[in-house]
Amino acid sequence: MMVAPMHRAPIPIVSIVVPTYRRAGLLRRALLSVRSQSFTNWELIVSNDDPDDSNPGLVVREVFGSDPRVRYIINTGAHGQSGNVNNALQAATGKWIKPLFDDDVLKPDALRRMMLAADSCPGAAIVRCLTEQFINGRRHSAERIGRRSTVELIRQRDAHIAIYLQDLDIGTPTSVLVHHRVIDAGVLFEAPDGISSSVDG
């Protein structure tokens, strides 16, 4: 893995990790959503899985210039989606890690609100936000709070049951904030042979 030179910045509260592969136009949109965050104590790690594609690096430089909070990683060869996400996760230094796929965006107050939820429960391993899904630029669906409170604590045992009953969706990496101790414990995405994309599982 090659890492572009960087300036040292203080250890951030949140590491935003963006795996990318041949989608510079979408990447620009994702990065602009990071730049617009009201919460600013973050680092950004962009992991490019195509060493022959220089466009992601150009987009990172265009959006952030020489911002010391930004690191750009070029993988030495294609690792597939799961491997690329794992490389970015392992490069993160923040207390919390926020995956963001290159075709997704964050609302401007997303990180601040997720950190408020995380701070309200110091023992949490994962914080999840609601999402809106867009297809061809048009909103297709949006999750709603419904009968639940704005911030809801779900214990591990209950989370497993809720996932099984399909009452809780924590399978989309972009919707979660993960405590770094989870990654330190070795919890990464599986990268089985012959399957290039399995991160939503």
Side-chain angles (χ1 to χ4, degrees), residues 3 6 9-21 23 26-49 56 59-60 63-64 67-73 81-134 142-143 150-154 159 168-189 197 199-201:
V3 180
M6 59 172 260
I11 294 176
I13 299 294
V14 178
S15 296
I16 304 164
V17 297
V18 183
T20 191
Y21 182 75
R23 300 200 291 193
L26 292 173
L27 175 64
R28 178 179 289 105
R29 188 183 66 177
L31 297 184
L32 288 170
S33 80
V34 172
R35 194 177 74 183
S36 71
Q37 289 302 298
S38 58
F39 181 90
T40 59
N41 190 348
W42 50 258
E43 73 172 345
L44 172 68
I45 299 162
V46 178
S47 181
N48 180 7
D49 207 34
V59 170
V60 170
V63 174
F64 290 104
D67 190 326
R69 299 175 296 173
V70 178
R71 284 190 282 158
Y72 177 62
I73 299 170
Q81 188 179 28
S82 295
N84 196 17
V85 174
N86 289 341
N87 286 342
L89 290 171
Q90 291 171 315
T93 63
K95 178 180 178 181
W96 289 91
I97 302 173
K98 179 71 188 86
L100 176 65
F101 286 170
D102 59 5
D103 62 342
D104 293 330
V105 297
L106 299 172
K107 289 193 173 184
D109 214 24
L111 286 182
R112 185 188 72 79
R113 295 181 71 177
M114 292 184 90
M115 285 309 305
L116 285 173
D119 290 344
S120 72
C121 184
I126 295 175
V127 174
R128 180 189 179 275
C129 66
L130 300 180
T131 62
E132 294 178 326
Q133 185 179 52
F134 287 78
E143 294 179 281
T150 303
V151 177
E152 181 180 16
L153 173 63
I154 303 175
L168 176 66
D169 176 14
I170 61 168
T172 305
T174 290
S175 69
V176 300
L177 183 69
V178 180
H179 199 284
H180 203 286
R181 70 177 176 270
V182 174
I183 306 306
D184 289 341
V187 180
L188 295 168
F189 292 102
S197 176
V199 295
D200 287 345

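Quick note: numbers below take in every heavy atom, side chains included, and nothing from hydrogens, waters or symmetry partners.
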Is there a side-chain contact between [X] and [Y], using heavy atoms and a 4.5 Å cut-off?
{"X": "Ile97", "Y": "Leu177", "result": "no"}
{"X": "Val187", "Y": "Val178", "result": "no"}
{"X": "Val17", "Y": "Lys98", "result": "no"}
{"X": "Thr93", "Y": "Pro12", "result": "yes"}
{"X": "Phe39", "Y": "Arg113", "result": "no"}
{"X": "Ile45", "Y": "Ile16", "result": "no"}
{"X": "Pro108", "Y": "Ser36", "result": "yes"}
{"X": "His179", "Y": "Ile126", "result": "no"}

Quick one: pull up [atom1] in [X] and [atom2] in [Y] and give me the separation to the nearest 0.5 Å.
{"X": "Leu116", "Y": "Cys121", "atom1": "CG", "atom2": "SG", "answer": "13.5 Å"}
{"X": "Ile73", "Y": "Gln90", "atom1": "CD1", "atom2": "CD", "answer": "10.0 Å"}
{"X": "Leu44", "Y": "Tyr72", "atom1": "CG", "atom2": "OH", "answer": "12.0 Å"}
{"X": "Ser15", "Y": "Leu100", "atom1": "OG", "atom2": "CG", "answer": "13.0 Å"}
{"X": "Asp184", "Y": "Leu89", "atom1": "CG", "atom2": "CG", "answer": "11.0 Å"}
{"X": "Leu32", "Y": "Arg28", "atom1": "CG", "atom2": "CZ", "answer": "7.5 Å"}

Query raised in the report: Are the side chain of Arg29 and the backbone of Asp103 linked by a donor-acceptor contact shorter than 3.5 Å?
Result: yes

Query raised in the report: Hey, is the main chain of Val105 close enough, under 3.5 Å, to the side chain of Ser33 for a donor-acceptor pair?
Result: no

**Report entry** Derivation and outcome, side-chain contact (heavy atoms from CB on, under 4.5 Å), residues Val176 and Val127
**Finding:** CA-CA 6 Å; Val176 300; Val127 174; over 6 Å; no

Report task. Please name all residues satisfying side-chain hydrogen bond (donor to acceptor under 3.5 Å, both in side chains) with Thr40, sequence neighbours left out, ordered by chain then number. Result -> none

Report task. Could you check Val14 against Lys95 for side-chain contact (heavy atoms from CB on, under 4.5 Å), going step by step and ending with a plain yes or no? Result -> CA-CA 6 Å; Val14 178; Lys95 178 180 178 181; over 6 Å; no

Query - Derivation of the side-chain contact (heavy atoms from CB on, under 4.5 Å) call for Val18 and Phe101 - result: CA-CA 5 Å; Val18 183; Phe101 286 170; over 6 Å; no

Query raised in the report: Can Ser47 and Asn84 be counted as having a side-chain donor-acceptor contact under 3.5 angstrom?
Result: yes

Query - Contact summary for Ile13 and Met115, nearest pair of heavy atoms - result: CG2-CE, 3.5 Å

Query raised in the report: Do you know which two heavy atoms are closest between Gly94 and His180, and how far apart they sit?
Result: O-CD2, 3.0 Å

Report task. List the steps, then state whether side-chain contact (heavy atoms from CB on, under 4.5 Å) holds for Leu31 with Val59. Result -> CA-CA 9 Å; Leu31 297 184; Val59 170; 4.0 Å; yes

Requested in this report: Could you note down all residue pairs passing salt bridge (charged side-chain N to carboxylate O under 4.0 Å, His left out) where residues 30-45 supplies at least one of them, sequence neighbours left out?
Outcome: Glu43-Arg71

Report task. In sequence, state the C-alpha distance, the side-chain angles, and the governing distance for Asp109 and Lys107, and then conclude on salt bridge (Lys or Arg N to Asp or Glu O under 4.0 Å). Result -> CA-CA 6 Å; Asp109 214 24; Lys107 289 193 173 184; over 6 Å; no

